[in-house]
Number of protein chains: 2
Amino acid sequence: MSHLINVSEAASLALHGLTIVAQQSPNKVNSKYLAEKLDASEAHLAKIFQRLSKSGLIRSFRGPTGGFMLNKPAEEISFLDIYEIIESKIILNDCPLDKAGCPFENCIFGDALKNISYNIYQTFENIKLSDFTK
Amino acid sequence: MSHLINVSEAASLALHGLTIVAQQSPNKVNSKYLAEKLDASEAHLAKIFQRLSKSGLIRSFRGPTGGFMLNKPAEEISFLDIYEIIESKIILNDCPLDKAGCPFENCIFGDALKNISYNIYQTFENIKLSDFTK
DNA sequence: CCTATTTCGGTATTTTAGTACCAGAATTAT
DNA sequence: ATAATTCTGGTACTAAAATACCGAAATAGG
């Protein structure tokens with residue numbers, strides 16, 4: 001199993017949800033609000049934000065008036081950060097076949113997969129939470 | 001389910017197997033030979049080549065002395081062709097969320113996903129079966 | 001013909017990703 | 001204290017992708 005890259009609903013919800021959190025800053029935002037706003041499952045959003053919280057990207061508060069807020073400036077949070085937390089994988093990748101048994105001395109893919117990964121890396125890093133707070 | 005892109009073992013085996021077929025051209029190559037050469041499951045390879053055959057990329061011959069051969073010059077077959085047959089999906093993609101319920105007027109991803117897709121498209125198209133027959 | 005070989009096509013199994021659920025712990029306000 | 005609210009963490013469920021299997025059909029050679 002060797003995903004070069006994919007954008008799940010979870011990763012996209014995280015980006016959208018966090019952007020809303022950034023917009024509401026410094027107020028806290030809870031998952032019920034986010035679910036309504038994004039027209040998405042609250043259970044799902046809660047799980048996603050749990051992971052974001054655990055990673056340190058955001059802070060969480062329980063109880064009434066509880067919710068989530070960013071743990072650093074919106075300018076310093078990129079979709080790359082979010083992607084790696086939610087998909088919990090690194091983008092860089094190469095041929096999924098076992099190199100030991102491969103009859104080709106030089107990989108057929110050459111640098112293609114690495115180049116693609118690099119492009120993705122750069123692109124994701126340029127998407128910042130602050131893009132929609134101005 | 002919205003895979004931006006992924007390279008499965010199947011797609012990679014197809015590329016490797018077809019390159020071997022190209023190298024042996026104009027001789028036919030059977031799946032047993034490919035399985036041994038690539039140190040892979042014959043059943044799996046057979047299934048992959050069945051799909052390649054059905055798509056018209058290669059021709060197949062049953063019975064003793066049977067096997068597979070390219071249906072057009074190696075220079076004209078790219079990994080993009082192979083990828084789209086095996087993964088049976090197009091690379092171009094955008095935000096996996098339902099646009100109707102999205103509160104953001106302008107998509108947060110902007111052109112990022114399209115740009116990445118375009119890059120992948122170009123890169124895969126530049127990988128030709130003939131790369132390893134010279 | 002008869003047999004050995006090889007692909008074909010359908011299906012079954014396995015694995016993994018993705019999503020949803022629920023009881024429990026923490027917090028706030030009354 | 002009590003009740004209401006909200007996150008937490010483990011788990012269960014669903015769906016889909018990826019791989020493996022197997023009987024049937026086709027072909028070539030003796």
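The model shown is predicted, which means the values in this text are computed figures rather than measured ones. Residue numbers begin at 1 in each chain, while the letters A, B, ... track the order of the sequences.
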Over how many whole Å does the gap from [X] atom [atom1] to [N] atom [atom2] extend?
{"X": "Phe49(A)", "N": "dT19(C)", "atom1": "CZ", "atom2": "C1'", "result": "16 Å"}
{"X": "Leu45(B)", "N": "dC21(D)", "atom1": "CG", "atom2": "P", "result": "13 Å"}
{"X": "Asn27(A)", "N": "dT6(D)", "atom1": "CG", "atom2": "C1'", "result": "17 Å"}
{"X": "Glu42(B)", "N": "dT19(D)", "atom1": "CD", "atom2": "C1'", "result": "15 Å"}
{"X": "Leu13(B)", "N": "dT19(D)", "atom1": "CG", "atom2": "C1'", "result": "11 Å"}
{"X": "Arg51(B)", "N": "dT19(D)", "atom1": "CZ", "atom2": "C1'", "result": "12 Å"}
{"X": "Ile48(A)", "N": "dG9(D)", "atom1": "CD1", "atom2": "C1'", "result": "16 Å"}
{"X": "Arg59(A)", "N": "dT6(D)", "atom1": "CZ", "atom2": "C1'", "result": "16 Å"}

Roughly how far apart are Leu15(A) CG and Ser78(A) OG, rounded to 0.5 Å?
10.0 Å
Under 4.5 Å between any side-chain heavy atoms of Asn27(B) and Met69(B), yes or no?
no
Any Leu129(A) side-chain heavy atom under 4.5 Å of Ile82(A) side chain:
yes
Using a 4.0 Å heavy-atom cut-off across all strands, classify [X] as base, sugar-phosphate, or nothing.
{"X": "Ala10(B)", "value": "sugar-phosphate"}
{"X": "Glu87(B)", "value": "sugar-phosphate"}
{"X": "Phe68(B)", "value": "sugar-phosphate"}

How are the rings of Phe49(A) and Phe68(A) set relative to one another: parallel (under 30°), tilted (30 to 60°) or perpendicular (over 60°)?
tilted
Nearest atoms (heavy-atom pairs only) where Ser8(A) meets Ile86(A):
OG-CG2, 4.5 Å
side-chain hydrogen bond (donor to acceptor under 3.5 Å, both in side chains): pairs with one or both residues in residues 34-51 of chain A, sequence neighbours excluded:
none
Report, as a single string ordered 5' to 3', how protein heavy atoms within less than 4.0 Å touch nucleotides 20-30 of chain C: B base, S sugar-phosphate only, - not at all.
BB---BSBB--
Checking contacts here: which listed nucleotide (dT19(D), dC7(D), dT7(C)) is nearest the side-chain heavy atoms of Asn30(A)?
dC7(D)
Using a cut-off of strictly less than 4.0 Å, decide whether [X] has a side-chain nitrogen or oxygen near OP1 or OP2 of [N].
{"X": "Ser60(B)", "N": "dC8(C)", "result": "yes"}
{"X": "Ser31(B)", "N": "dT7(C)", "result": "yes"}
{"X": "Gln50(A)", "N": "dG9(D)", "result": "yes"}

Single-linkage hydrophobic cluster, 4.5 Å side-chain cutoff, Leu70(B) and Leu80(B) together
yes
Mapping Lys54(B) and Lys32(B) onto DNA chain C by nearest heavy atom, which one lands closer to the 5' end?
Lys32(B)
